[in-house]
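One structure below.
Labels below follow one simple rule: chain letters A, B, ... track the order of the sequence lines, proteins then strands, and each chain is numbered from 1. Not measured: the values here are computed from a predicted model.
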Number of protein chains: 2
Amino acid sequence: MKAADKAKHRTDMISSALRSAILERVLMPGMKLPEDSLGERFGVSRTLIRQSLERLAAEGLVELRRNKGAMVAKPSLEEARDLFELRTQIEDLVISRVIKNMTPELLAELEAHLAKEVEAEHASEPISIRLATEFHILLAKLSGSPVLLRYVEEIGYRCGLTLSLYARPHSTDCGIQEHRQIIEALSNGDEEAARKLMRHHLTAVADRALFTTEERGPLLYLDALEPYARKVRDGGA
Amino acid sequence: MKAADKAKHRTDMISSALRSAILERVLMPGMKLPEDSLGERFGVSRTLIRQSLERLAAEGLVELRRNKGAMVAKPSLEEARDLFELRTQIEDLVISRVIKNMTPELLAELEAHLAKEVEAEHASEPISIRLATEFHILLAKLSGSPVLLRYVEEIGYRCGLTLSLYARPHSTDCGIQEHRQIIEALSNGDEEAARKLMRHHLTAVADRALFTTEERGPLLYLDALEPYARKVRDGGA
DNA sequence: TGTGGCGAAATTGCATGCAATCAATTATAC
DNA sequence: GTATAATTGATTGCATGCAATTTCGCCACA
């Protein structure tokens with residue numbers, strides 16, 4: 001790997017690793033993210049860590065407080081609801097675009113992702129949340145619009161974080177079935193149905209998840225980040 | 001001003017200054033933004049410049065290319081259209097929220113902003129574009145939702161950039177009248193009408209502006225940034 | 001027991017410097 | 001004159017170090 005590619009890879013990889021760790025609840029909402037410690041973990045200087053944290057802050061996954069450092073964002077319940085509502089509006093557009101672009105190959109991609117979701121169904125909930133989020137991101141990719149992809153990705157990950165924080169156990173269980181129905185409507189070229197199903201799906205996810213204001217889980221140690229950081233240090237992923 | 005407040009102010013101020021300069025076409029799409037030069041202009045080291053550029057890149061106003069530096073973003077026509085379409089979806093939500101929150105004081109704020117737009121109508125087009133964008137940002141503020149504000153702001157500024165790039169002369173002329181109509185519907189508490197007017201307004205702005213693929217204007221020198229940079233160096237706002 | 005003050009340690013903000021990379025210019029060959 | 005290679009200057013990537021700020025632990029006092 002050329003030095004340039006390696007170094008570009010590192011910053012992106014650190015951001016991506018942290019994003020996954022946040023989505024998978026290894027880094028919990030409210031948890032402090034000290035630059036020095038992260039730098040040591042990933043085997044880089046604080047410069048790259050600060051850059052990665054800046055990016056994640058721009059995405060709403062991390063909060064930066066002057067002189068107090070970075071911590072994993074803790075969205076309020078209102079914020080969570082607004083994010084889902086906003087997402088519902090955006091996914092309308094995505095569906096319209098995907099229907100226009102639909103080919104058997106694209107359909108196969110969606111089916112393959114759904115199979116991954118089914119396979120992970122009984123594994124662990126954070127992984128399920130991440131895969132469910134990635135279903136939507138795949139849809140946005142298939143829309144062919146970089147703009148839609150950017151916002152679906154960002155808002156999708158932020159919704160994922162709120163689910164991490166607020167979701168009741170098993171509140172994501174029916175998501176796979178709903179994804180399947182959406183795929184079916186897409187394959188039938190039925191835009192109206194697909195849009196309705198998507199709207200219903202997102203509303204249902206939010207309704208199932210956001211009834212509680214109780215925050216969940218203890219604050220874990222940065223040690224749990226080790227597998228993610230090792231991948232980056234090894235140049236993998 | 002305490003040292004902490006001053007330093008925080010600086011990074012935010014640099015970002016804000018650059019954003020305004022981009023929106024007002026002082027910094028044109030495609031223009032290179034060398035870190036050293038900007039640092040000298042603003043009287044800070046490259047560290048703060050890099051941070052500001054990272055933020056503006058996250059907002060889509062600046063493109064960062066590895067080893068090639070930063071330049072003002074040059075959105076494609078497709079991207080421009082997608083942004084306006086996305087914005088239309090989001091502003092629907094904003095209108096619903098603002099109607100719920102509406103008070104005489106909020107209405108007065110909107111009217112005051114409209115008066116500013118009227119006053120600037122024959123001044124210069126870039127200022128008009130900026131004020132028109134800020135009308136929408138004010139609406140989003142009045143929605144009371146930080147989430148909606150964040151995305152209206154970002155997408156609004158990005159739409160402003162595309163107008164800078166693609167808009168035909170006078171293509172923003174009818175915008176003030178349309179803003180006035182929206183304010184009227186809001187003051188009447190007529191959500192349906194307000195939403196329709198907003199949709200129509202944004203579609204009309206895009207239609208008026210985006211018919212041409214011809215890019216406009218010469219690349220200007222960084223010297224034009226001086227008034228913006230001076231404000232930051234002087235600690236003003 | 002609870003509160004406040006102080007000093008030390010930890011962390012953050014950000015300037016600086018060096019190596020790597022790119023862009024522009026000059027030299028050389030055909 | 002054109003194309004290619006070499007050189008030079010400009011810029012970027014990013015580590016490091018220092019000053020400023022925050023946090024933590026300890027002690028004294030009511």
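- To the nearest angstrom, C1' of C/dG13 lies 13 Å from CG of B/Asp12.
- Residues forming a side chain to side chain contact (heavy atoms under 4.5 Å, CB included) with A/Ser16 (at least two apart in sequence, or on another chain): A/Arg19.
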Test salt bridge (charged side-chain N to carboxylate O under 4.0 Å, His left out) on B/Glu134 and B/Arg130 and set out the steps. CA-CA 6 Å; B/Glu134 283 167 4; B/Arg130 179 172 60 80; 3.1 Å; yes

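- Distances from the side chain of B/Arg66 to the nucleotides C/dT16, D/dT16, D/dG13 place D/dG13 closest.
- The distance from atom CG of B/Leu33 to atom C1' of D/dT12 is 14 Å, rounded to the nearest whole Å.
- As a whole-Å value, the separation of A/Leu53 CG from C/dG13 C1' is 14 Å.
- For A/Lys32, no side-chain nitrogen or oxygen approaches OP1 or OP2 of C/dT11 to under 4.0 Å.
- Taking atom CG on B/Asn67 and atom C1' on D/dC14, their separation rounds to 11 Å, with Å as the unit.
- Taking only side-chain atoms of B/Arg50, from C-beta outward, the nucleotide of D/dC14, C/dT16, C/dT12 with the closest atom is D/dC14.
- Looking at A/Arg46, its side chain comes within 3.5 Å of the base of C/dG13 through a donor and an acceptor atom.
- Between the CD1 atom of A/Ile49 and the P atom of C/dT11 there is a distance of 14 Å, rounded to whole Å.
- Where A/Asp36 and B/Val44 each meet DNA chain C at their nearest nucleotide, the meeting point lying more 5' is that of A/Asp36.
- In this structure, the CD atom of B/Glu54 is 14 Å from the P atom of D/dT12, given to the nearest Å.
- Of all nucleotides listed (C/dC14, C/dT12, D/dG13), C/dT12 comes nearest to the side chain of A/Pro34.
- Note: NZ (B/Lys68) to C1' (D/dA10) measures 14 Å, nearest angstrom.
- Look at A/Arg97 and B/Glu85 and you find a salt bridge, because one of the NZ, NE, NH1 or NH2 atoms lies within 4.0 Å of a carboxylate O, short of that distance.
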Between A/Glu91 and A/His136, is a side-chain hydrogen bond (donor to acceptor under 3.5 Å, both in side chains) present by the stated rule, with each step listed? CA-CA 8 Å; A/Glu91 298 267 9; A/His136 292 274; 3.0 Å; yes

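- Distance from the side chain of B/Gln51 is smallest for C/dC14 among the nucleotides D/dG13, D/dC14, C/dC14.
- OP1 or OP2 of D/dC14 sits under 4.0 Å from a side-chain N or O of A/Thr11.
- Nucleotide C/dC14 holds its C1' atom 13 Å from the CZ atom of B/Arg55, rounded to whole Å.
- B/Arg158 and B/Glu59 are not joined by a salt bridge, as no carboxylate oxygen comes within less than 4.0 angstrom of a charged side-chain nitrogen.
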